[in-house]
There are 2 protein chains.
Amino acid sequence: MNIGEVAERSGLPPKTIRYYEDIGLVRPQRSDNGYRAFRETDLHKLVFLGRARALGFSIEDCRTLLGLYEDESRESAQVKAIAEEHLTAIDDKISQLRDMRQTLSQLIDACHGDHRPDCPILSDLSGTPG
Amino acid sequence: MNIGEVAERSGLPPKTIRYYEDIGLVRPQRSDNGYRAFRETDLHKLVFLGRARALGFSIEDCRTLLGLYEDESRESAQVKAIAEEHLTAIDDKISQLRDMRQTLSQLIDACHGDHRPDCPILSDLSGTPG
DNA sequence: TATAGGGCTTCCAGTCACTGGAAGCTCAAG
DNA sequence: CTTGAGCTTCCAGTGACTGGAAGCCCTATA
C-alpha cells in the first residue's frame with residue numbers, strides 16, 4: 001500500500017502518517033522507487049493510533065499503548081492505569097472548562113450588548129468593581 | 001515599576017510579560033539602564049490579560065478585547081459577540097471531552113486490570129470486535 | 001515520444017502561548 | 001570590591017501536526 005491508500009483506509013492524513021513515521025510510531029518498508037510500502041499491520045497500527053488520539057491520549061501515551069498492544073505478555077493493569085490517569089486529566093479539563101463557562105456566561109448575561117459602551121464583561125476583566 | 005514587581009502584582013511570570021511586549025500587547029517604557037519601566041496602566045492591562053486568558057480567550061481575542069477596553073466609543077455588542085463566540089467554543093470542547101470521557105470510562109470499567117494480558121481497552125483501540 | 005497530471009519524496013517553516021536556558025549587563029548590600 | 005539578585009537579549013524547545021516548495025515517479029493520452 002502506498003501512503004494515499006493507507007491514509008484513506010486509516011482516516012489519517014498522509015502528513016500525519018509521515019509524521020508518525022518520523023517519530024517512530026510506524027516503520028513502513030520502502031519500495032524500490034522510494035515510496036513507503038505499508039503492510040496490513042502498519043494499517044492496523046495507524047487505525048489504533050487514530051482511535052487512541054481521538055480519545056485524547058497523548059502521543060507518548062499512544063507510543064506506550066502501542067507497545068503494550070504488541071506485547072503479548074502485557075498486564076491489563078498497565079493499560080488500565082494509563083487510561084485511568086488520562087480519565088483524571090480529562091475530568092480536570094472538563095471542570096476547568098466548566099468554571100470558565102460559568103463565569104463567562106454570567107458576564108454575557110449581564111451585558112446588554114447594544115450600542116452603548118458600558119460593558120460588565122470588560123469591567124470584570126479590568127477588575128473594576130461593579 | 002520593574003518587571004519583577006509588575007509580575008508579582010499581575011500574577012503573570014516575567015517571561016510571559018516580555019512575550020506580551022514582543023507581540024505588542026503592552027508597550028512599557030524603558031529606563032535609562034534599559035530596564036522596562038511599567039506604569040499603572042500597563043499593570044492594569046496585564047491584569048486584564050491575565051483574567052481574559054484565564055477565561056480561555058485566545059491571544060488574538062485578548063488583543064481585540066484590550067482594544068475595545070481602551071476604546072471609549074466601543075459598543076458593548078462587540079464585546080458580547082466575542083464572548084458568545086468563545087462560549088460556544090468552550091461548549092464544543094466540553095462536549096468533545098464528555099464524549100471522550102464516556103467512551104473511556106466504559107472501557108476502563110470493562111477492563112479487569114490485573115496481570116492477565118487480555119484487555120478491552122486495547123481491543124477497542126485496535127478495532128478488534130468484542 | 002512528448003507531456004500533463006497526480007502522487008510521492010524531502011525539508012523547512014509556521015502554528016499557539018509560552019517556557020527554559022545561556023551569556024552578559026545593572027544594581028544594592030555587605 | 002565582590003556577591004548575588006534582577007534585569008537584558010537571543011535562541012531553542014514544547015505538542016501534534018500542517019502548509020508549502022522543489023523535485024522525482026508513474027500512468028495516460030495526444
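Source: prediction; values computed, not measured.
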Discussion item. From CG of A:L55 over to C1' of D:dA16, roughly how many Å is that when rounded to an integer?
Written reply: 17 Å

Worksheet item: Measuring from B:R63:CZ to B:S58:OG, what's the distance to the nearest 0.5 Å?
Response: 9.5 Å

Worksheet item: Between B:I17 (CD1) and D:dT8 (P), how many Å, whole number?
Response: 10 Å

Worksheet item: Rounded to the Å, how far apart are A:R63 CZ and D:dG15 C1'?
Response: 12 Å

Worksheet entry | Integer-rounded Å distance: D:dT8 P and B:E21 CD | 8 Å

Item to complete: Considering just the side-chain nitrogens and oxygens of B:Y20, establish if one lies under 4.0 Å of OP1 or OP2 belonging to C:dA17.
Response: no

Discussion item. Using a strict heavy-atom distance below 4.0 Å, which residues from residues 2-16 of chain A are in contact with DNA chain D?
Written reply: A:P13, A:K15, A:T16

Practice prompt. Taking only the side-chain heavy atoms of A:R53 (C-beta and beyond), determine which of C:dT26, D:dC17, C:dT9 contains the nearest atom.
Written response: D:dC17

Discussion item. Check the phosphate of D:dC7 against B:N33, side-chain N and O only, distance under 4.0 Å to OP1 or OP2. Yes or no?
Written reply: no

Item to complete: Inspect the contact between A:R36 and A:E21 and indicate whether a charged nitrogen and a carboxylate oxygen are less than 4.0 angstrom apart.
Response: yes

Worksheet item: Given atom CD1 of B:I59 and atom C1' of C:dT19, what is their separation to the nearest angstrom?
Response: 14 Å

Worksheet item: From the list D:dT9, C:dC8, C:dA17, which nucleotide is the closest neighbour of the side chain of A:Y35?
Response: C:dC8

Worksheet item: For A:F57 and D:dG15, what is the distance between atoms CZ and C1' respectively, to the nearest whole Å?
Response: 17 Å

Worksheet item: Taking only N and O in the side chain of A:R36, is any of them less than 4.0 Å away from OP1 or OP2 of C:dT9?
Response: yes

Worksheet item: Would you say B:R18 reaches D:dT8's phosphate, i.e. side-chain N/O to OP1/OP2 under 4.0 Å?
Response: yes

Item to complete: Measure the distance from CZ on A:F38 to P on C:dC8 and round it to the nearest whole Å.
Response: 9 Å

Response to the item:
Between CG of B:D22 and P of D:dT8 the distance, given in whole Å, is 11 Å

Item to complete: Rounded to the nearest 0.5 Å, what's the gap from CG on A:L12 to OG on A:S10? Could you check?
Response: 4.0 Å

